[in-house]
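I have placed the structure first, in the form of structure tokens, so that the comments after it can refer back to it.
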Amino acid sequence: MSALRKDPPMKIDVDPPSVEEAVLVMRRTFDAPRELVWTTLTDPKHVAKWYGGRGFENPVCEMDVRPGGLWRHVMRTPDGAEFKMEFVFVEVVKPEKLVWKNVDHGKHGGPHDNLMTVTLEEAGRQTKWKLVARFTSLADRDAALRMGFTTVLSEGTEKFNDLVKALAGN
């Protein structure tokens, strides 16, 4: 009988917080073609499966992926708390770049304002993913860190990776 082997989690790199810029930078590489990573990033039926940390659910995920289009999302934590989020897409360059910002301005407990930029770069059979989260102030960025922003995002990218692998037939 062979033992089941679980792939080790892919490493996500987080740049140390700058003391001058209110940004967080996270990088990861997925073993999947860029088109598949793009689809997993932008199709609401896929986003509902990976968005958030371990045990999180997403009962609402509606996305109009075009500049000016809205992304309405409800994320439920494992303890049942729900966070309603609203974003607007600022830039959409399929399959290379997706930029969005929140439009609820912290009404639901998150950071007041932030601008998220994901770039996808082909690297052979892999895709390099880079997220730059830009906040309006160091205080907002630090509040996001205290709320577990990077932990939840890291766990979400684990779920994203599992979904990409399943969609690729791996």
Side-chain angles (χ1 to χ4, degrees), residues 12-15 17-18 20-30 32-53 56-76 82-123 126-145 147-150 152-161 163-164 167-168:
I12 185 164
D13 296 319
V14 180
D15 287 355
S18 168
E20 297 176 8
E21 283 192 88
V23 297
L24 292 170
V25 180
M26 303 176 77
R27 296 177 179 82
R28 180 155 184 168
T29 300
F30 296 101
R34 183 167 64 173
E35 284 285 342
L36 180 58
V37 172
W38 175 265
T39 298
T40 308
L41 177 67
T42 58
D43 186 324
K45 74 177 182 250
H46 297 317
V47 175
K49 295 177 182 173
W50 63 261
Y51 196 88
F56 285 54
E57 297 176 351
N58 300 291
V60 176
C61 183
E62 301 168 352
M63 301 172 84
D64 180 9
V65 184
R66 61 180 174 84
L70 295 178
W71 174 5
R72 190 171 149 257
H73 199 101
V74 176
M75 182 174 67
R76 185 179 301 137
E82 288 192 349
F83 295 91
K84 297 175 184 171
M85 297 171 276
E86 294 178 344
F87 308 101
V88 63
F89 292 103
V90 175
E91 185 176 357
V92 178
V93 183
K94 182 183 176 184
E96 302 172 12
K97 185 176 184 182
L98 187 63
V99 181
W100 69 92
K101 65 181 179 180
N102 67 332
V103 292
D104 64 0
H105 309 292
K107 287 188 294 192
H108 305 293
H112 296 132
D113 290 299
N114 59 46
L115 183 71
M116 308 286 275
T117 301
V118 171
T119 53
L120 304 175
E121 177 186 341
E122 288 182 314
Q126 297 181 318
T127 302
K128 292 183 178 180
W129 175 87
K130 177 180 176 186
L131 171 86
V132 177
R134 185 168 301 280
F135 299 88
T136 55
S137 69
L138 290 172
D140 269 2
R141 190 238 10 235
D142 293 346
L145 283 170
M147 291 175 59
F149 178 85
T150 55
V152 170
L153 193 55
S154 295
E155 292 176 359
T157 60
E158 282 301 314
K159 293 164 51 180
F160 186 99
N161 185 54
L163 181 58
V164 164
L167 292 170

Inter-residue atom distance [X].[atom1] - [Y].[atom2], 0.5 Å rounding:
| X | Y | atom1 | atom2 | answer |
| --- | --- | --- | --- | --- |
| Glu158 | Leu153 | CD | CG | 11.0 Å |
| Lys128 | Leu120 | NZ | CG | 13.0 Å |
| Asp43 | Lys49 | CG | NZ | 9.0 Å |
| Glu121 | Arg34 | CD | CZ | 8.5 Å |
| Lys130 | Lys97 | NZ | NZ | 10.0 Å |
| Lys84 | Met75 | NZ | CE | 13.5 Å |

How close do [X] and [Y] get, counting heavy atoms only, and between which atoms?
| X | Y | answer |
| --- | --- | --- |
| Tyr51 | Phe87 | OH-CZ, 3.8 Å |
| Ala48 | Cys61 | CB-CB, 4.1 Å |
| Lys159 | Gly53 | NZ-O, 3.0 Å |
| Phe89 | Asp64 | CD1-O, 3.3 Å |
| Met26 | Thr150 | CE-O, 3.8 Å |
| Arg28 | Ser154 | NH1-O, 4.2 Å |

Seminar exercise, completed: Checking Leu36, Thr40, Val47 against Leu163 for side chain to side chain contact (heavy atoms under 4.5 Å, CB included), the one that qualifies is Thr40
For this session: Would you check, one step at a time, whether the test side chain to side chain contact (heavy atoms under 4.5 Å, CB included) holds for Leu131 with Met116?
Result: CA-CA 7 Å; Leu131 171 86; Met116 308 286 275; 3.8 Å; yes
Find out whether [X] and [Y] are in side-chain contact, i.e. whether some heavy atom of one side chain is under 4.5 Å from a heavy atom of the other.
| X | Y | result |
| --- | --- | --- |
| Asp140 | Asn114 | no |
| Trp50 | Asn161 | no |
| Trp129 | Phe160 | no |
| Thr119 | Glu96 | no |
| Val92 | Leu98 | yes |
| Met63 | Trp100 | no |
| Arg141 | Leu138 | yes |

Seminar exercise, completed: Residues passing the side chain to side chain donor-acceptor pair (under 3.5 Å) test with Glu21, sequence neighbours excluded, are Arg134
Seminar exercise, completed: By side chain to side chain donor-acceptor pair (under 3.5 Å), Asp142 pairs with (sequence neighbours left out) none
For this session: Take Arg72 and Leu70 through the side chain to side chain contact (heavy atoms under 4.5 Å, CB included) test and state the conclusion after the steps.
Result: CA-CA 6 Å; Arg72 190 171 149 257; Leu70 295 178; 5.8 Å; no
Seminar exercise, completed: ring-ring contact (aromatic ring centres under 6.0 Å, His included) filter on Trp38, not counting sequence neighbours, yields none
Problem set entry | Sidechain-backbone polar pair: Thr127 side chain, Ala32 backbone, donor-acceptor under 3.5 Å | yes
